[in-house]
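The structure appears right after this line, and notes come after that.
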Number of protein chains: 2
Amino acid sequence: MLVRINRTNRRLVDGHLAALGAERVFCSEFNYRGGAEIFGEGEGAEFVYQIISGVVRTHKLLPDGRRQIKAFHLAGDMFGLENGTTHRFTAEAIVGTEVRIAGRRSLLEVTTHRGTEAANLIALINQNLQHAESHMLLLGRKTALERVAAFLLEMDERLAHPDVMILPMTRRDIADYLGLTIETISRALSTLRGEQILRFIGQTQREVVLLDRGRLATFDAQ
Amino acid sequence: MLVRINRTNRRLVDGHLAALGAERVFCSEFNYRGGAEIFGEGEGAEFVYQIISGVVRTHKLLPDGRRQIKAFHLAGDMFGLENGTTHRFTAEAIVGTEVRIAGRRSLLEVTTHRGTEAANLIALINQNLQHAESHMLLLGRKTALERVAAFLLEMDERLAHPDVMILPMTRRDIADYLGLTIETISRALSTLRGEQILRFIGQTQREVVLLDRGRLATFDAQ
DNA sequence: CGCGGAGTTGATGATCTTCAAACATGGTGG
DNA sequence: CCACCATGTTTGAAGATCATCAACTCCGCG
């Protein structure tokens with residue numbers, strides 16, 4: 001998986017990318033060999049890409065090597081557009097691939113200085129996208145215990161780390177969120193309780209105290 | 001899960017929704033009881049919602065009742081914003097919930113008549129979101145055979161139903177896309193071949209002929 | 001009090017993974 | 001030219017994880 005970039009030419013092109021960023025977006029073209037990395041997770045998101053020909057895969061990795069591919073991108077598809085300044089995925093060419101590249105900043109700024117409404121809207125949809133993407137990794141590659149740990153950490157985070165976390169949803173809701181069954185949820189919670197990572201308040205089993213958030217995080221992958 | 005909507009009042013409010021659609025978006029407020037359906041999958045997407053207080057879940061259902069919850073929405077969260085005219089999810093209040101509502105058309109048209117670039121950008125991100133959402137259902141609730149059938153149908157669709165479908169990715173790529181192992185992919189393909197639904201051309205096992213797309217679709221759920 | 005909904009726990013079972021072996025292909029170098 | 005090796009794929013056997021089935025508790029409520 002060596003990175004081998006063959007720059008071919010730089011010229012203004014039209015197409016979907018141009019339609020997005022309008023005429024002032026400068027587009028150039030690149031070629032990647034099969035197996036080449038186009039950008040890596042965590043790298044700065046300088047460019048947005050559109051495939052002229054070839055196939056690209058975008059994926060996330062867990063530290064132990066488990067991989068979740070988010071999508072395969074074919075000719076005409078765009079990828080690499082992020083809300084923030086870093087890529088949330090790694091993109092690799094599967095076969096020899098030609099891409100068209102536009103600067104991200106010019107593209108997003110087009111909308112920004114046209115008014116904050118559009119920018120806010122894009123940020124909002126992008127948040128949803130980001131959440132869906134990380135949930136795909138959870139559903140595709142995490143174990144039951146990892147999923148439950150991730151769920152508890154997500155809720156704790158979103159509820160601003162309360163002393164007592166009151167879960168508004170049933171075990172069935174949690175199960176259907178995490179792609180498991182209610183019994184598996186219950187067993188995972190019992191395991192975490194046995195590990196002294198959490199305890200329940202009252203009889204309802206919906207009020208949770210996280211006793212050790214750090215150790216809980218080690219139960220989640222990454 | 002009866003639908004019990006208690007309309008409380010209608011008045012102009014400020015907040016994130018207003019920030020999105022600017023001042024001219026008319027916002028009203030509604031109350032839902034726990035268990036109430038706010039909108040259903042497939043219904044027209046007339047409104048966008050922001051939670052004032054309470055909790056909402058959004059989910060997709062398979063015909064046999066398997067459910068995948070996409071997200072839990074808490075106070076401050078927005079949901080129900082779709083690219084097309086219909087909702088891709090069902091939204092239900094988990095507990096008593098107050099929401100702020102804005103008309104979708106006014107909100108999206110704000111960006112549209114400000115320039116097509118922003119609208120194109122939003123459409124693009126929304127496509128990614130839509131794909132991620134349906135993939136979450138696949139990863140959370142579909143069996144191995146259903147996933148492979150769905151994958152073949154997706155590729156067939158995106159390659160415009162070719163006579164011979166040339167898969168550019170390895171079995172490992174397919175496995176990591178579908179949240180399975182290469183052996184399971186291989187076994188599922190062999191099963192489908194045994195069912196006379198597909199056959200391989202040549203020795204490479206990457207060139208597939210779909211012999212019965214209709215029957216293949218029955219192997220996928222929904 | 002009885003009933004239903006929600007949750008836990010145990011026993012069993014199915015699906016999918018892991019481990020292993022075999023085979024084909026394609027490239028490399030003697 | 002062919003041995004050789006890495007990569008990719010299929011298939012079988014064994015094993016682990018999670019699902020299913022079932023029993024039980026707890027609670028709220030008419």
Side-chain angles (χ1 to χ4, degrees), chain A residues 1-2 33-35 57 62 64-68 92 94-95 138-149 151-152 166-195 198-208 219 221, chain B residues 1-2 34-35 57 62 64-68 94-95 138-149 151 166-194 198-208 219 221:
Chain A
M1 298 294 183
L2 288 178
R33 297 210 184 147
R57 63 175 176 242
L62 289 176
D64 61 3
R66 280 176 283 176
R67 182 176 70 155
Q68 178 62 47
E92 292 164 342
I94 290 183
V95 298
L138 179 147
L139 292 171
R141 288 303 182 205
K142 291 189 182 178
T143 67
L145 198 52
E146 289 168 345
R147 294 181 201 201
V148 172
F151 167 76
L152 290 171
I166 299 174
L167 298 175
M169 67 289 286
T170 65
R171 297 291 190 262
R172 168 146 301 287
D173 286 336
I174 301 173
D176 286 346
Y177 181 53
L178 300 179
L180 298 168
T181 60
I182 53 178
E183 293 94 335
T184 301
I185 302 297
S186 184
R187 280 184 245 270
L189 289 172
S190 295
T191 298
L192 293 173
R193 186 185 46 186
E195 292 279 340
L198 58 83
R199 65 189 175 87
F200 294 113
I201 301 274
Q203 300 309 323
T204 147
Q205 312 295 81
R206 295 271 193 103
E207 303 178 17
V208 180
F219 276 77
Chain B
M1 296 295 183
L2 288 178
R57 65 177 174 238
L62 289 175
D64 61 3
R66 280 176 284 175
R67 182 176 72 154
Q68 178 62 48
I94 290 183
V95 297
L138 179 148
L139 293 170
R141 287 305 182 203
K142 291 190 182 179
T143 67
L145 198 51
E146 288 169 345
R147 294 181 200 201
V148 172
F151 167 75
I166 298 174
L167 298 174
M169 66 289 285
T170 66
R171 297 289 189 263
R172 170 147 300 288
D173 286 336
I174 300 173
D176 287 346
Y177 181 52
L178 300 179
L180 299 168
T181 60
I182 53 177
E183 294 92 335
T184 301
I185 302 297
S186 185
R187 280 184 247 271
L189 289 173
S190 295
T191 299
L192 293 173
R193 187 184 46 187
L198 59 82
R199 64 190 176 88
F200 295 114
I201 301 274
Q203 300 307 322
T204 149
Q205 311 297 80
R206 296 272 193 102
E207 303 178 18
V208 179
F219 276 77

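Sequence lines set the chain letters: A, B, ... in the order given, protein chains first and strands last, and positions in each chain run from 1.
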Output yes when a side-chain donor or acceptor of [X] lies under 3.5 Å from a complementary backbone atom of [Y], and no otherwise.
X: B/Glu207; Y: B/Leu167; answer: no
X: B/Arg141; Y: A/Leu180; answer: yes
X: A/Ser186; Y: A/Ile182; answer: no
X: B/Thr191; Y: B/Arg187; answer: yes
X: A/Arg147; Y: A/Leu178; answer: yes

In whole Å, what is the span from the [atom1] atom of [X] to the [atom2] atom of [N]?
X: B/Ile185; N: D/dT9; atom1: CD1; atom2: P; value: 11 Å
X: A/Asp173; N: C/dG7; atom1: CG; atom2: P; value: 9 Å
X: B/Ile182; N: C/dT18; atom1: CD1; atom2: P; value: 10 Å
X: B/Met169; N: D/dG8; atom1: CE; atom2: P; value: 14 Å
X: A/Leu198; N: C/dG7; atom1: CG; atom2: P; value: 15 Å
X: B/Arg172; N: D/dT9; atom1: CZ; atom2: C1'; value: 12 Å
X: B/Leu192; N: D/dT11; atom1: CG; atom2: P; value: 12 Å

Closest approach of A/Pro168 and B/Ile94, non-hydrogen atoms and distance?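 Taking every non-hydrogen atom into account, O-CG2, 3.1 Å.
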
Please list, pair by pair, any protein nitrogen or oxygen found under 3.5 Å from a nitrogen or oxygen in nucleotides 16-18 of chain D.
unit_1, atom_1, unit_2, atom_2, d
D/dC18, OP1, A/Ala144, N, 2.9

Is [X] close enough to [N] that one of its side-chain N or O atoms is under 4.0 Å from OP1 or OP2 there?
X: B/Arg147; N: C/dC16; result: no
X: B/Gln205; N: D/dG8; result: no
X: A/Arg193; N: C/dT9; result: yes
X: B/Arg206; N: D/dG8; result: no

Reading 5' to 3' through nucleotides 21-30 of chain D, protein heavy-atom contacts under 4.0 Å coded B for base, S for sugar-phosphate only, - for none: B-----S---

How long is the straight-line distance from CG of B/Asp173 back to CZ of B/Phe151, given to the nearest 0.5 Å?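 These two atoms lie 9.0 Å from each other.
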
Rounded to the nearest 0.5 Å, how far apart are CG of B/Leu139 and CG of A/Leu138? 10.0 Å

Side chain of A/Thr170 only, heavy atoms from C-beta on: which candidate in D/dT9, D/dT10, C/dA6 is closest?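 Nearest nucleotide to the side chain: C/dA6.
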
How would you list, by chain and number, every residue that makes a side-chain hydrogen bond (donor to acceptor under 3.5 Å, both in side chains) with A/Thr143, sequence neighbours excluded? A/Glu146

